[in-house]
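None of these values were measured; they are calculated from a predicted model. Residue numbers start from 1 in every chain, and the chains themselves are labelled A, B, ... in the order their sequence lines are given, proteins ahead of strands.
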Amino acid sequence: MTRVRIKDILKTTPTNQTITVKGWVRTFRNNSFIALNDGSTNNNLQIVVDFTNTPEEILKRITTGAAISATGTLIASQGKGQTVEVKATSVEIIGDSDAEKYPLQPKKHSLEFLREIAHLRFRTNTFGAVFRVRNSLAFAVHKFFNEKGFLYIHTPIISASDAEGAGETFHVTNFDLSNIPKDEAGAVDHKQDFFGKSVNLTVSGQLEGELAAMAFSDIYTFGPTFRAENSNTTRHLAEFWMIEPEMAFYELKDNMDLAEEMLQYIIKHALENNLEDIEFLSQRLEEEEKQKPQNERSELSLLDKLKFCIDNKFERVTYTQAIEILRESNHNKKKKFTYLVDKWGVDLQSEHERYLVEKHFKKPVILTDYPKEIKSFYMRQNDDGKTVAAMDILFPGIGEIVGGSQREERLDKLETRMSEMGIPVEELSWYLDTRRFGTCPHAGFGLGFERLVLFITGMTNIRDVIPFPRTPKNCEF
RNA sequence: UCCUUCUUAGCUCAGCUGGUUAGAGCACAUGACUGUUAAUCAUGGGGUCCCUGGUUCGAGCCCAGGAGAGGGAGCCA
């Protein structure tokens, strides 16, 4: 008999039909009641075993974590807490689980502990919900762009350029590391390496994405990205997934509109398709917040926060306006910021972003038109000569979730800016070709997928929204 | 990388002013019970007190160094 998914069974009207289910035991109570989970939903299916007619050896092997197959009739549950249950006629142990050694106990575990057993944490309610939501979000990203007629481009993972200057790169080499070829000057001789030059894991697919956009008009990438930064925070990973759309004939406003529409689309998709899991996560977060002092608790539940995001426009303010708001804030006047906001041109600190998003506007904020000095070379220079057409989207609790800009399409302006910032023009001649041949206004942005998953699941550490997080000094599994 | 907190049973944590045999709850095992919902009750087993060195009659506790983890900052997505 074929296996039926528990998610489907729970929606089925019981008519004494015979079914077979397979999954992993969550708990076994009273020698009678198995809570069975197969990962299709957080809800367990209750299997009722008649222990008087079941061999003792089988009963002993129904332990937390064991894989079992159960066949029986689907009936309306006699107990509270579930509507249907399976009255088992046979239970087969597929894979034993020594209860004494199995690390997951039928009790609450800390996220830190579960992180150490990331290979098993999929089997918990929290991570089950998180990774089902993550899957759904990834699908929603593709669905959104596909519906908009965007082309999905696979930009390279191994790249010769880190020209964006987005961060430290991981080197990729085929050298015998205990015997690295050197040239006459004593430097590493990359000519002898696999690619004949120094290459690295990609830090962004943007530059390659721009090339494709200059032919297909609207494209996006969605792939892994690598940064060798020694960042130890709850929102940085050495390996993370990034969504990077790039659109020809888009200006900054079009770019913002698209980003906002996309974020709202994805959140809506999650609420429509993963409500059960999000409700669970929302409740989980509320429980957790009860531990905190009153003034640190968030005013809205996760569910309300997500609904709020799709029902309200994001606030759009320029960097200059933001500086004014911060400078005039009581927070600044009472010197509550570690870094006081005094003059135009300073980069905004996390505390400033948090203040704008969480205290002042209390909703997602799009900050635009930053001073050119604190932004990348490829961003389009505004007519004021001081700012560039950049936009960052800031989310409550997360900070920067999207970073984007209108790109500088004017060759002379781009080259001047590159030499000012010490970017080697020759190495990027392929990039500059797009400005030489049929250049046009275009724009794009990067969205850190894990930060989006963080926001939508209400988790607080980015290491808990990717199956196997890679962070400094940590590459397990 | 910097600042800061932490590391005691499988997990979450107590452990007094440095004092003799290191505790609790949960988990686990055994038994009882048998329509339970993190079942309940009884009994039991379980410890490299993160590591190395030092101070002391005596260190889980004090000191030094190291490792790992959490939180914050910077860098960013």
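Ring pair A:Phe337/A:His352 is perpendicular by interplanar angle, where above 60° counts as perpendicular and below 30° as parallel.
Residue A:Glu450 is out of contact with every strand shown, counting any heavy-atom pair closer than 4.0 Å. Base engagement by A:Leu237 is indicated by at least one non-hydrogen atom pair under 4.0 Å involving a base atom. In this structure, A:Lys101 reaches neither bases nor backbone, as no heavy-atom distance under 4.0 Å exists between it and the strands shown.
If you take CG of A:Asn42 and C1' of B:U37, they are 15 Å apart, rounded to a whole angstrom.
Residue-to-nucleotide proximity on RNA chain B shows that, of A:Ser32 and A:Thr63, the 5′-proximal contact is made by A:Thr63. Toward the 5′ end of RNA chain B lies the nearest nucleotide of A:Glu351, the other residue of the pair A:Glu351 and A:Phe240 mapping further downstream.
You'll find that the side chain of A:Gln105 is closest to B:G10, out of B:G10, B:G35, B:U30. Closest to the side chain of A:Ala99, out of B:G35, B:G74, B:A29, is B:A29. The side chain of A:Asn474 sits closest to B:A69 out of B:G35, B:A69, B:C11. Listed nucleotides B:G74, B:C75, B:A39 differ in distance to A:Gln349; the shortest reach to its side chain belongs to B:G74. Here B:A27 is the nucleotide among B:U37, B:G74, B:A27 with the atom lying nearest to any side-chain atom of A:Lys107. Which of B:U37, B:C76, B:G70 sits closest to the side chain of A:Asn461 comes down to B:G70. When each of B:C28, B:C76, B:U1 is scored by its nearest atom to the side-chain atoms of A:Pro106, the top-ranked nucleotide is B:C28.
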Under a cut-off of 3.5 Å for both distances of each Watson-Crick or G-U pair, what dot-bracket string does RNA chain B give, using [ ] for crossing pairs and | for inter-strand pairs? (((((((..((((.....[...)))).(((((.......))))).....(((((..]....))))))))))))....

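Under 4.0 angstrom from either OP1 or OP2 of B:G72 there lies at least one side-chain N or O belonging to A:Thr234. Taking side-chain N and O atoms only, A:Arg354 has no distance below 4.0 Å to OP1 or OP2 of B:A73. Residue A:Arg26 has no polar side-chain atom (N or O) positioned under 4.0 Å from OP1 or OP2 of B:A38. Residue A:Asn30 places no side-chain N or O under 4.0 Å from the OP1 or OP2 atom of B:U36. The side chain of A:Arg29 contributes an N or O atom lying less than 4.0 Å from OP1 or OP2 of B:A39. Within the structure, a side-chain polar atom (N or O) of A:Ser350 is placed less than 4.0 Å from OP1 or OP2 of B:G74.
Nucleotides B:U21 and B:C11, compared at atom C1', are 25 Å apart to the nearest Å. Nucleotides B:G47 and B:A32 have their P atoms positioned 28 Å apart, rounded to a whole Å. With both ends at atom P, the span from B:G58 to B:G54 equals 12 Å, rounded to whole Å.
A:His331 has its ring centre less than 6.0 Å from the ring centre of A:Tyr355. Ring centers of A:Phe122 and A:Phe468: under 6.0 Å apart, within the cut-off.
Taking 3.5 Å as the limit, the base of B:G71 and the side chain of A:Glu112 contain no donor-acceptor pair of atoms between them. A:Ser231 contributes no side-chain N or O that forms a donor-acceptor pair with the base of B:C76 under 3.5 Å. Contact annotation: side chain of A:His109 to base of B:C11, donor-acceptor pair absent below 3.5 Å. With hydrogens and angles ignored, a donor-acceptor pair under 3.5 angstrom links the side chain of A:Asn232 to the base of B:U1.
Enclosure of atom CZ in A:Arg5 is not indicated, since only 12 or fewer non-hydrogen atoms of other residues, nucleotides or ligands lie within 6.0 angstrom. Summarising the local packing, NZ of A:Lys363 is surrounded by more than 12 heavy atoms from other residues, nucleotides or ligands at distances under 6.0 Å.
The pair A:Glu57-A:Arg61 does not meet the salt-bridge criterion, since no charged nitrogen lies less than 4.0 angstrom from a carboxylate oxygen. Between A:Lys87 and A:Asp50 no salt bridge is recorded (no basic side-chain N to carboxylate O distance below 4.0 Å).
Among A:Glu210, A:Glu408, A:Arg407, A:Gln206, the single residue meeting the side-chain hydrogen bond (donor to acceptor under 3.5 Å, both in side chains) criterion with A:Tyr378 is A:Gln206.
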